[in-house]
Protein chains: 2
Amino acid sequence: MSTPHYHHLQQYFSDLIASQQLVPGSKLPSERKIGEQFKLTRVTIRQALKNLEAEGLIYRQNRRGWFVSPAAVIYHPASHLSFNLYVTEQGFSPSTEKLAQQIEPANERIAQLMNIPVGNPVLYLHRRRYIDQRPVLIEKMYINQNLLPGIEEEDLTESLSQILKRKYQQEYRDMDLSFKSTSLPAHAANDLGIAAGQPGLQIERINYTSHKQVLEVDYEFWRHDAVTINIAIRD
Amino acid sequence: MSTPHYHHLQQYFSDLIASQQLVPGSKLPSERKIGEQFKLTRVTIRQALKNLEAEGLIYRQNRRGWFVSPAAVIYHPASHLSFNLYVTEQGFSPSTEKLAQQIEPANERIAQLMNIPVGNPVLYLHRRRYIDQRPVLIEKMYINQNLLPGIEEEDLTESLSQILKRKYQQEYRDMDLSFKSTSLPAHAANDLGIAAGQPGLQIERINYTSHKQVLEVDYEFWRHDAVTINIAIRD
DNA sequence: TTGGTCAACTGGTATATACCAGATTGTGTA
DNA sequence: TACACAATCTGGTATATACCAGTTGACCAA
């Protein structure tokens, strides 16, 4: 067994995608069909498909099939551009869905960051964001409502940075970012409609006002194949 | 089948690790042993182990076994600290191995970035870096030797930033960073001694001199469980 | 003590098979 | 035409089994 069978399969689909005989969004044949064609069992085929998934070339929808991944969007956090803006600029179609919005008592971490007592109310916002109808990102944010009175009355499917600018004459400035490549936790995988344990990218983002106060703490859970992060460091 | 069997197994090992009954570096029982204990087949066990691997809790060494992952090191690219420094500061023991060093003709991308003709010589450096004896990172760098005459005579297992400072009175300043969570390409997986297709983090880094010239282009391939990236954006 | 050989052990790859649960599709009825 | 329902298709989970290819450790010979 010089090179394993699944490797040939990987190469086969990889080539089809590279040569655009399979275009983003199109459906692969079912695992059983591929099995007939290549005389391989589903175990072997799934190994190949999972590897392609890890490469970011394909993705699956539960019990619907495997699909070719669209190109990843480039996320440039330092630019302070909103999701809607940078996704649109790159030729994709963004949308946002609010899954939950409520006033919550601050947990320890949030309280410490926002310099408020533990248990004080913060605005919790839970959103799902799409690129071309594909759910790619779950956001869970904690907003310092002391700094943004009345924020909970806004349409929070809108871009937050827009609301900040329009209503509060504030802009995002300093931020702390933390990235970790790891599988998606069950809650995020569920929200994205994918099996738990699939690879993902987790981001923690802390946004500050121009007066060094914590405006918002943001946890993002991305499909790993949906995004590339670019940052320019300028001293 | 309310919750799948592999999920119980995952929880079991996850708990053992969280409660430190299994400490970083220690070996899990073999897949067959686990199978006997839990009356499950290897297929099911491997599903659980692969999920734990994706979470970053365990990793494998080819035909040696599964091991508990050490804590991830925090990489703070904007700090300009060398690998040796930040790894040491976090209580780990770094080491570096030079895999290749040669003068190479610049490819299109490198040439364009460095503003030199395609095919002009650049210094190519290929290193493997370890944390506590575990290979975690493959580096492939292209160095603008026009800006650093004689660089090829230095000990290039050393920190490059040290050499820059000592020999050339230069320091890292501006840089462009690009992150992508994807599986490791075959060459990097090989160099890390792991099976191709395992999850990883790819970084492209372009380092500039204080005069906006490209000093070095760096491709990094990290084990995904070995690193968390932190960046502070300050306008 | 050193070096080599070999058996046992490990994960890696693969076949064949089965049943489950959600998604889709087609059909027949109201 | 609109709806309900059943058949079918899809990936998800799992068993049982087999052989391959590096790794390790024990043992023996030089």
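Proteins come first, then strands; the chains are lettered A, B, ... in the order of their sequence lines, and each starts at number 1. The analysis underlying the following values was restricted to heavy atoms, covering all of them including side chains, and did not include hydrogens, waters or symmetry mates.
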Every protein N/O lying under 3.5 Å from an N/O of nucleotides 22-24 of chain C:
| from | atom 1 | to | atom 2 | distance (Å) |
| --- | --- | --- | --- | --- |
| C:dG22 | O4' | A:Arg63 | NE | 3.4 |
| C:dT24 | OP1 | A:Arg64 | NE | 3.3 |
| C:dT24 | OP1 | A:Arg64 | NH1 | 2.2 |

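Applying the side chain to side chain contact (heavy atoms under 4.5 Å, CB included) rule to B:Gln61 yields the partners B:Tyr59, B:Arg64, B:Phe67; only residues at least two apart in sequence or on another chain are considered. Under the rule for a side-chain hydrogen bond (donor to acceptor under 3.5 Å, both in side chains), the partners of A:Glu31 that lie at least two apart in sequence or sit in another chain are A:Arg42, A:Arg46, A:Trp66.
The distance between atom NE2 of B:His7 and atom P of D:dA14, rounded to the nearest whole Å, is 11 Å. Counting to the nearest Å, the P atom of C:dG12 and the OH atom of A:Tyr6 are 9 Å from each other. Look at CD on B:Gln198: it is 10 Å from P on C:dT13, rounded to the nearest Å. A:Leu9 places its CG atom 10 Å from the P atom of C:dT15, with the value rounded to the nearest Å. Distance, A:His5 NE2 to C:dG12 P: 18 Å, rounded to whole Å. If you take CG of A:Leu49 and P of C:dA14, they are 13 Å apart, rounded to a whole angstrom. The CG-C1' distance, from B:Asn190 to D:dG22, rounds to 14 Å in whole Å. The CD atom of B:Gln47 sits 17 Å away from the C1' atom of C:dG11 (whole-angstrom rounding).
Residue pairs satisfying the salt bridge (charged side-chain N to carboxylate O under 4.0 Å, His left out) criterion with at least one member in residues 92-105 of chain A, sequence neighbours excluded, are listed as follows: A:Glu97-A:Arg128.
With C:dT13, D:dA14, D:dT13 as the choices, the nucleotide that has an atom nearest any side-chain atom of A:Arg46 turns out to be D:dT13. You'll find that the side chain of A:Arg60 is closest to D:dG12, out of D:dA16, C:dT13, D:dG12. Here the nucleotide nearest the side chain of B:Trp66, chosen from C:dA14, C:dG11, D:dA16, is C:dG11.
At least one side-chain heavy atom of A:Phe83 sits under 4.5 Å from a side-chain heavy atom of A:Leu137. Contact annotation: the side chain of A:Val68 never approaches that of A:Lys27 to less than 4.5 Å [non-hydrogen atoms, C-beta and beyond].
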#### Entry: Trace of the side-chain contact (heavy atoms from CB on, under 4.5 Å) decision for A:Asp176 with B:Asn230
CA-CA 7 Å; A:Asp176 291 338; B:Asn230 280 10; over 6 Å; no
Which side-chain N or O atoms in residues 187-198 of chain B pair as donor and acceptor under 3.5 Å with protein atoms at least two apart or in another chain?
| from | atom 1 | to | atom 2 | distance (Å) |
| --- | --- | --- | --- | --- |
| B:His187 | ND1 | B:Lys140 | NZ | 3.1 |
| B:Asp191 | OD2 | B:His126 | NE2 | 2.9 |
| B:Gln198 | NE2 | B:Ala195 | O | 3.4 |

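Using a 4.0 Å heavy-atom cutoff across all strands shown, B:Arg42 reaches at least one base atom of the nucleic acid. A:Lys50 comes within 4.0 angstrom of nothing in the nucleic acid, heavy atoms only.
Between the side chains of B:Thr96 and B:Arg127, not a single donor N or O lies within less than 3.5 Å of an accepting N or O.
Contact check, B:Thr44 against D:dT15: a side-chain N or O comes under 4.0 Å of OP1 or OP2.
Only B:Ser30, B:Glu31, B:Arg32, listed by number, bring a heavy atom of residues 30-38 of chain B to less than 4.0 angstrom from any atom of DNA chain C.
A:Lys33 NZ: 12 or fewer foreign heavy atoms inside a 6.0 Å radius.
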